[in-house]
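Everything below concerns the one structure shown next.
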2 protein chains.
Amino acid sequence: MASITPTRDRLLDAFEELLIEHGERAATLEGVAAAAGVSKGGLLYHFGSKAALIDGLLARLSDLVAEDIADIRSAPAGAVDFLIRTSASAGTPFDRTFVAVTRLAQGSHQQAKDMLAGFRRDWVAVIEEAVGDRDVAQMIALISDGLFYESTVSDAKDSTVDYLSPAGLDGLLAVIARVIPKRD
Amino acid sequence: MASITPTRDRLLDAFEELLIEHGERAATLEGVAAAAGVSKGGLLYHFGSKAALIDGLLARLSDLVAEDIADIRSAPAGAVDFLIRTSASAGTPFDRTFVAVTRLAQGSHQQAKDMLAGFRRDWVAVIEEAVGDRDVAQMIALISDGLFYESTVSDAKDSTVDYLSPAGLDGLLAVIARVIPKRD
DNA sequence: GTCTATACGAAGATAGAC
DNA sequence: GTCTATCTTCGTATAGAC
């Protein structure tokens with residue numbers, strides 16, 4: 001429930017873009033404004049300071065995560081399948097916002113860190129609900145983390161991870177299925 | 001085989017410290033020099049530019065990784081046990097250098113990205129050698145990634161990961177053991 | 001080897017015109 | 001709602017003294 005004006009959204013998109021592709025250091029007001037096609041002054045009309053720009057990004061993520069959790073719960077093939085298949089950042093709006101906030105968290109932005117920790121808590125809870133075993137749920141959450149992490153560090157091509165393309169994920173899901181307790 | 005002088009090493013330590021604790025943006029020449037207890041001019045005697053400072057860090061990592069791979073191969077409890085137990089950054093000199101370089105990679109430093117990809121390749125190869133199954137090896141590598149990633153984002157306390165302390169890792173290793181093919 | 005002084009462009013932010 | 005001009009501080013780098 002944050003953005004109304006199109007320019008505001010374009011500015012957040014540009015901010016994400018720079019954080020993802022070139023890191024914190026490149027995500028300057030000048031850079032963001034240019035990437036969004038406005039001047040620095042134009043940006044500062046919508047976001048009065050860099051802190052306000054960051055707040056705008058965090059608010060956007062907050063909205064998107066609520067949707068994501070709902071999607072996981074209602075996924076036809078089950079929560080684990082959905083989570084693993086969507087872990088690797090694939091460039092969806094949600095993925096982009098999430099990766100961008102990750103960069104801020106790694107730059108030690110405390111609020112970003114807290115927000116990411118909160119979301120992870122929710123994900124782990126949903127998985128545990130689905131598999132009924134705490135250790136297995138934790139393992140699956142870690143695999144999800146691993147997929148996400150690798151997708152944000154390695155270049156798509158010549159990656160050392162077999163599973164960054166949706167097609168290859170079946171093998172991984174098959175291995176995971178072997179440790180999920182059967183239920184009656 | 002890079003550093004000889006103690007000041008040089010202290011500067012690299014300080015550079016790592018800032019990258020890890022406060023991100024790229026805080027890792028300025030001024031900041032690094034101050035953290036190492038020298039002046040900006042002092043730093044620039046040892047590393048003539050910021051690029052040289054980064055090169056120094058990459059060279060340090062290169063040395064440390066060679067040792068790590070050797071440790072994995074010769075670990076008494078096996079490669080998988082060793083890898084999983086040492087994945088979460090625990091603040092060893094190797095961990096610190098590795099996390100610091102990860103920050104550079106996420107800031108889109110290409111050489112850092114390539115170096116990390118190369119190391120991961122080695123690790124995956126060692127795991128596959130140990131477990132004899134590609135999918136299982138990939139899964140274990142992802143869990144290792146997940147442990148590492150979480151250890152660099154979440155605050156030690158109130159973490160959502162059960163396994164960031166060595167004590168809790170047995171449960172995770174037990175689950176992993178269930179999918180490793182038995183050999184004769 | 002380490003320091004101070006200085007140059008210069010980049011980054012965040014304000015004021016006011018259109 | 002967007003722009004230009006301007007201010008201040010920060011970040012990188014050079015020169016030269018100690």
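Lettering of chains follows the sequences in order, A, B, ..., and the numbering in each one begins at 1.
- The side-chain contact (heavy atoms from CB on, under 4.5 Å) test applied to A/Ala66 returns no partner, not counting sequence neighbours.
- Evaluation of the side-chain contact (heavy atoms from CB on, under 4.5 Å) rule for A/Ser87 yields A/Leu83, A/Ser144, A/Leu147 as partners, not counting sequence neighbours.
- Map A/Arg10 and B/Thr28 each onto its nearest nucleotide of DNA chain D; the residue landing nearer the 5' end is A/Arg10.
- Here D/dA13 presents its C1' atom at 16 Å from CZ of B/Phe47, a figure rounded to the nearest Å.
- Residues passing the side-chain contact (heavy atoms from CB on, under 4.5 Å) test with A/Val124 are A/Arg120, A/Gln138, A/Ala141, sequence neighbours excluded.
- The ring pair (Phe, Tyr, Trp, His ring centres under 6.0 Å) test applied to B/Phe82 returns no partner, not counting sequence neighbours.
- A/Leu29 comes within contact range of the sugar-phosphate backbone alone, with a heavy-atom separation under 4.0 Å but no base atom that close.
- For B/Thr7 and C/dT2, the shortest distance from a side-chain N or O to OP1 or OP2 is below 4.0 Å.
- A/Phe94 meets the ring pair (Phe, Tyr, Trp, His ring centres under 6.0 Å) test with A/Phe98; sequence neighbours excluded.
- For the pair A/Glu30 CD and D/dG11 P, the computed distance is 17 Å after rounding to whole Å.
- Applying the ring pair (Phe, Tyr, Trp, His ring centres under 6.0 Å) rule to A/Phe15 yields no partners; only residues at least two apart in sequence or on another chain are considered.
- Relative to the axis of its first five pairs, the axis of the last five pairs of the helix from C/dG1-D/dC18 to C/dC18-D/dG1 sits at 10°, rounded to 10 degrees.
- Set against C/dT14, D/dG1, C/dT2, the side chain of B/His46 has C/dT2 as its closest nucleotide.
- Taking atom CG on A/Leu44 and atom C1' on D/dC7, their separation rounds to 14 Å, with Å as the unit.
- Side chain to side chain, A/Glu16 and A/Thr97 meet the donor-acceptor criterion of an N or O pair below 3.5 Å.
- Atom-to-atom, NZ of B/Lys50 to P of C/dA10 comes out at 15 Å; the value is rounded to the nearest Å.
- Within residues 13-20 of chain A, no residue has any heavy atom closer than 4.0 Å to DNA chain C.
- Rounded to an integer number of Å, the gap from CG of B/Leu11 to C1' of C/dT2 is 11 Å.
- With sequence neighbours excluded, no residue forms a ring pair (Phe, Tyr, Trp, His ring centres under 6.0 Å) with A/Tyr163.
- Interatomic distance, A/Asp155 CG to B/Ser108 OG, rounded to the nearest 0.5 Å: 10.0 Å.
- For B/Arg25, counting side-chain heavy atoms from C-beta on, the closest listed nucleotide (D/dT14, C/dG12, C/dA13) is C/dG12.
- B/Asp68 pairs by the salt bridge (charged side-chain N to carboxylate O under 4.0 Å, His left out) definition with nothing, not counting sequence neighbours.
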Short heteroatom pairs, N/O only, protein and nucleotides 3-6 of chain C, under 3.5 Å:
from	atom 1	to	atom 2	distance (Å)
C/dC3	OP2	B/Ser39	N	2.6
C/dC3	OP2	B/Ser39	OG	2.7
C/dC3	O5'	B/Ser39	OG	3.3

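- Under the side chain to side chain donor-acceptor pair (under 3.5 Å) criterion, the residue pairs touching residues 30-40 of chain A are A/Glu30-A/Lys40, with sequence neighbours excluded.
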